[in-house]
Number of protein chains: 2
Amino acid sequence: MAAGRGVTSARVAAELRSRIERGELLPEDRLPSERELSESLHTTRVTSREALKQLEAEGLIYRSNRRGWFVTSQRINYNPSRAAFFMDYVADQGLVPFSRQLLKKRIVADDRLASMLEVSVKAPLVELQRLRGANGRPAYIETIYLPEGRLPGIYECDLERSVSAVMLGDYDQQYAVVELDITVGALSAGQAALLDAPPGYTCLCVRRVVRNAAGEVVEYDLEHWRHDSLNIQVRLDNS
Amino acid sequence: MAAGRGVTSARVAAELRSRIERGELLPEDRLPSERELSESLHTTRVTSREALKQLEAEGLIYRSNRRGWFVTSQRINYNPSRAAFFMDYVADQGLVPFSRQLLKKRIVADDRLASMLEVSVKAPLVELQRLRGANGRPAYIETIYLPEGRLPGIYECDLERSVSAVMLGDYDQQYAVVELDITVGALSAGQAALLDAPPGYTCLCVRRVVRNAAGEVVEYDLEHWRHDSLNIQVRLDNS
DNA sequence: GAGTGGTCTAGACCACCTA
DNA sequence: AGGTGGTCTAGACCACTCG
């Protein structure tokens, strides 16, 4: 039969779960400290932590660096197929989005990037990195690669707010084909620090390859999302 | 700065990672037992386990019930947008697929199902559940709901192998629109047992709503995938 | 029956955050 | 400075699997 989860940690998890469901703990509320929890439920810290990690995996709670555990709130609904603007669709969901550029530089394609973007090795690229989130909480890190050869002068554009906007406006590039690759992974130490998560935190990796009407790759994105902040929604129309 | 992962467990993780990358440990190979590992690397079981769980989160290794830890092999590439047959696309990837029907029965729609399938409450449905995987390892559990009103006689069809096949053949239903909803979650105890995973194991939840050319919902799927067995690939054509 | 992972106890020290 | 989570030690018992 099922290898039953331990009785004690399950009890702690159930207790907290019910407090959340009953509304005693509201989104963004802070949970009791691990030591308090352990004492009041007659167990040890290791066991309480086991329960907390379980609820974290379920997406019910999250931890902030070394400040404590909190109840999660609404996830961001994300439709990676559309060239929608992050700031817009997050605001439409009643959240307050933010976006911070971490990096913008010119690089040349190495083997891996050359094959992903279908350009020759050493072709000039623009690399862009940004941190985005909602309601003051970081949600994902995005790294974007743009082939300068196909988008002349792209480096001079204001890419801070939205690449999609620049594509549509200045380049008249429709997103003809979008290829998505979605996998569960773990955050590196650097990524985790930026996302206010412990190293190794479970994340959703989304890889996007965007092609224009001519079939050329015009954008390659790598996104690392906190697993508890995201809901991917895709709509496919074959008609 | 980054809340650095502990030195010891990181050392154990790095050691195992390098053994895997160097090819000393091959896919499906068994790792040393937790006790051996702890002793040879001069640490305790709790710490070794921390490292093992980290590698598990990264998708490098997995555990089988109480039998031990193993190196993971190739993931299944899955394109949920197409009405492709599981047995076919897995075989195309050089893997040996299997599919086991767990349940097949007639039910009536409750509130939730009625709203998902856009039928009236108490409308007749067929519920189907199956366990699928590759190379002898379970990968996901799928629960399918079919509205009998729109697919008369569907219960009598042989749905064991492929719902898509029956749709295309007997009902001439093209999959006109597919709506996907993808989230990271945790397995319930029952699901975990079927998937040979510990309870609370991280999973990818995929919800599919399929509509025919008339815009009616003809299929509603709920899939729970082991996070280490899956790679979702979607291709969107806006041209 | 021997060995495995799954869980738990009861401590400890550290790095970091907040006041 | 005091409290928080992050990590670690050194044991223990249990449920299960396998030979």
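Throughout, a chain's letter reflects where its sequence line sits, starting with A, and its residues are numbered from 1. All of these numbers come straight from a predicted model, not from anything done at the bench.
- Taking atom CZ of residue B:R67 and atom P of nucleotide D:dT17, one finds them 9 Å apart after rounding to whole Å.
- Using a cutoff of 4.0 Å between basic side-chain nitrogens and carboxylate oxygens, A:R208 and A:E179 are not scored as salt-bridged.
- Look at CG on A:L55: it is 14 Å from P on D:dG5, rounded to the nearest Å.
- Which of D:dG6, D:dC18, C:dG11 sits closest to the side chain of A:V46 comes down to C:dG11.
- At a threshold of 4.0 angstrom between heavy atoms, the contacts of B:T44 include nucleobase atoms, whether or not backbone atoms are also involved.
- Under a 4.0 Å N-O distance rule, the pair B:E142/B:R132 qualifies as a salt bridge.
- Cation-pi geometry between B:K105 and B:Y155 is not met: the NZ or CZ atom fails to fall both under 6.0 Å from the ring centre and inside 45° of the normal.
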Pairs: protein N or O with nucleotides 12-14 of chain C N or O, under 3.5 Å:
none

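- Checked for salt-bridge contact, A:E34 and A:R49 meet the test: a charged N lies under 4.0 Å from a carboxylate O.
- Atom CG in B:L37 sits roughly 13 Å away from atom C1' in C:dT4 (whole-Å rounding).
- Minimum atom distance to the side chain of A:W69 is reached by D:dG5, of the listed D:dG5, C:dC17, D:dC8.
- For A:T8, the listed nucleotide lying nearest its side chain is C:dT9; candidates were C:dG5, C:dT9, D:dT17.
- Distance, B:E39 CD to C:dG5 C1': 17 Å, rounded to whole Å.
- Note on A:R63: only backbone sugar-phosphate atoms sit closer than 4.0 angstrom, heavy atoms only; bases stay farther off.
- For B:F98 and B:F86, the gap between ring centers reaches or exceeds 6.0 Å.
- Pairs engaging residues 12-21 of chain A under the side-chain hydrogen bond (donor to acceptor under 3.5 Å, both in side chains) rule: A:E15-A:R19, A:R17-A:E58, A:S18-A:R22 [sequence neighbours left out].
- With C:dC17, D:dT9, C:dC8 as the choices, the nucleotide that has an atom nearest any side-chain atom of A:N65 turns out to be C:dC17.
- Relative to the six-membered ring of B:Y62, B:R137 meets both conditions, a distance below 6.0 Å and an angle of at most 45° to the axis.
- The distance between atom NZ of B:K53 and atom P of C:dG5, rounded to the nearest whole Å, is 13 Å.
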